[in-house]
S.K.: 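Supplied in C-alpha cells, the structure appears directly below.
We count ligands from 1, going down the list as the structure has it; atoms in each ligand are counted the same way.
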Amino acid sequence: MSPGAEDYLPFTRPSIDEATIQGVVEVLRSGWITSGPQVKAFESALSQYLGGRPVRAFNSGTATMEVALRIAGVGPGHEVITTPLSWVATSNVVLAVGARPVFVDIDPVTRNIDLERVPAAITPRTRALLPVDLAGLPVDRGRLYAIARAHGLRVIEDAAQSFGARAAGAPVGTAGDLVSFSFHPNKNITAIEGGCLVLNDEAEARLAEQYRLQGVVRSGLDGMEVEIAGGKFNLTDVAARVGLGQLARLAEFTARRAALARLYFRAFEALGAREAGLALPVADFEHGNWHMFQVLLPQEQLAVPRSVVMAQMHAAGIGTGVHYPAIHLFALYRRQGWKSGDFPHAEHAGRNILTLPLFPAMRDADVERVAGALLEVLRRNRR
Ligand SMILES: Cc1ncc(COP(=O)(O)O)c(C=O)c1O
C-alpha cells in the first residue's frame with residue numbers, strides 16, 4: 001500500500017479546518033500577505049494563552065532558538081548543555097552562534113536529558129541549559145531551574161514539541177526563562193512552518209524583533225536605525241492565520257491525542273507488548289501533550305534491523321518514523337570529537353526508537369490496527 005493510498009495511515013497529519021482555509025483565502029485576498037495584522041493577532045493570542053508573557057512569532061522553531069541564544073548572550077567561547085536525543089536543530093543552533101554544545105546523556109525512562117548528570121557537566125564556560133521536552137513530555141522544571149539558579153545559568157527551553165503540555169500546573173511557556181516553540185506541520189499545532197519565542201520582558205521582545213528582521217528599528221514615518229546584524233526570520237500573515245485557526249483547537253487536539261495514547265497503552269497491554277520486549281513511553285497524562293507515541297524495539301531479540309520493521313509496517317499500510325538518531329554520532333559532531341559509547345542511553349534509544357501514528361484525526365480503530373500490526377511484525381522477525 002503506498003503512502004498516498006486512501007487508507008494508508010501516516011505517522012502524523014495536520015488537521016486544518018474549513019474555517020482556517022477560508023481565513024487563509026481572505027488573507028491572500030486582503031492585499032497584505034507577509035508579516036502584518038495576522039502575526040500581531042497570533043502573537044497576542046499566544047501571549048494570552050501563556051499568561052500574558054511577551055511572545056514573538058518567527059518563521060521556524062530553529063530561528064527562535066538561535067535568537068534566544070543571542071538574546072542570552074551566548075557566543076564564541078561559551079558552552080551550552082543539552083541532550084543528544086533531539087532533532088539536530090537543538091545543537092546546530094549552538095554551533096550557529098559560535099558556542100559549543102555539551103551533551104549530557106538521557107534518562108532512559110523519560111528519554112529527556114538526565115538532570116542528575118547536569119551539574120557535573122557545568123564548567124566556567126557554561127552559559128545556558130538547553131533542555132528538550134521529547135515527544136511533549138516536559139523536563140522537570142523545578143529541578144531544571146534549581147540547577148540554573150544555583151549556577152547562574154540562562155535556560156532556553158526547546159519546547160518545540162511541548163506546546164499544550166503542562167509543567168507545575170500551568171501550560172509550558174507560562175513560566176521559565178526563554179521558551180521556544182515550533183509550529184512545523186508535525187507539531188501539535190502548526191502554522192505550516194513557524195515558531196514563537198516567549199520572552200521575559202519588553203526589552204527582550206524588542207531585541208527579538210531586531211534579530212528577527214535585519215536588526216532594523218523604525219521610528220516615526222521615515223526613521224530607521226540598525227545596531228545589530230539581525231536575520232530574516234519573520235512569519236507571514238498567511239502562516240499566522242493558519243496558526244490562529246490551530247490555536248483555537250488546541251484543547252480539543254490535546255484531549256484527542258491523550259485519548260489515543262490511552263488506547264495505545266490499553267491495546268499494547270492486551271497484546272502483551274511488554275512481555276514481547278517493547279518499551280513503552282512514560283504514561284504521564286498530567287504533563288505530556290502526547291506529541292508522539294514512541295516505543296523502543298527489542299532489537300536484541302529481532303533477526304532484522306529497525307528499517308525492516310518499518311518496511312513491514314509500511315507494507316501493512318502504516319507509517320512510522322524515527323525521532324531521532326543520537327546527534328553526537330552524526331558526521332558533523334563526530335568530527336568535533338564525539339564518538340560511539342559517549343552517551344549509551346541516547347545511543348540505545350537512537351537505534352531502537354520508533355514513532356507510531358498519533359494525530360487528532362486518527363480513529364480509535366487505527367490504534368488497535370497499529371498495535372496489532374507491530375506485535376505481528378515483532379513475532380514474525382523474532383530470532
Ligand atoms: C525538538 C525540536 N527542536 C527544534 C525543532 C525545530 O523547529 P523547526 O522545524 O520549526 O525549525 C524541532 C522541530 O522540527 C524539534 O522537534
S.K.: Anything under 3.5 Å between an N or O on ligand 1 and a protein N or O? List each pair with its distance, or write none.
M.R.:
from     : atom 1 : to   : atom 2 : distance (Å)
ligand 1 : 3 (N)  : D158 : OD1    : 3.2
ligand 1 : 3 (N)  : D158 : OD2    : 2.7
ligand 1 : 7 (O)  : S182 : OG     : 3.4
ligand 1 : 10 (O) : G61  : N      : 2.8
ligand 1 : 10 (O) : S182 : OG     : 2.7
ligand 1 : 11 (O) : G61  : N      : 3.2
ligand 1 : 11 (O) : T62  : N      : 2.9
ligand 1 : 11 (O) : T62  : OG1    : 2.5
ligand 1 : 14 (O) : K187 : NZ     : 3.1
ligand 1 : 16 (O) : Q161 : NE2    : 2.9
ligand 1 : 16 (O) : K187 : NZ     : 3.4
ligand 1 : 16 (O) : Y324 : OH     : 3.3

S.K.: In chain order, what residues pass the side-chain hydrogen bond (donor to acceptor under 3.5 Å, both in side chains) check against T355, with sequence neighbours excluded?
M.R.: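 For T355, the residues satisfying side-chain hydrogen bond (donor to acceptor under 3.5 Å, both in side chains) (neighbours in sequence not counted) are Q294, H323.
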S.K.: Do the side chains of L297 and V309 get nearer than 4.5 Å, heavy atoms only?
M.R.: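 Yes; the side chains approach each other to less than 4.5 Å.
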S.K.: I'd like to know if the side chain of R382 and the backbone of A276 have a donor-acceptor N/O pair within less than 3.5 Å.
M.R.: yes
S.K.: For W290, which of F265, F359, F163 qualifies under ring pair (Phe, Tyr, Trp, His ring centres under 6.0 Å)?
M.R.: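 Answer to the ring pair (Phe, Tyr, Trp, His ring centres under 6.0 Å) test with W290 among F265, F359, F163: F265.
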S.K.: Do D237 and P37 touch side chain to side chain, with heavy atoms closer than 4.5 Å?
M.R.: yes
S.K.: What is the ring orientation for Y333 with W338, classed by angle as parallel under 30°, tilted 30 to 60°, or perpendicular over 60°?
M.R.: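 Correct class here is tilted.
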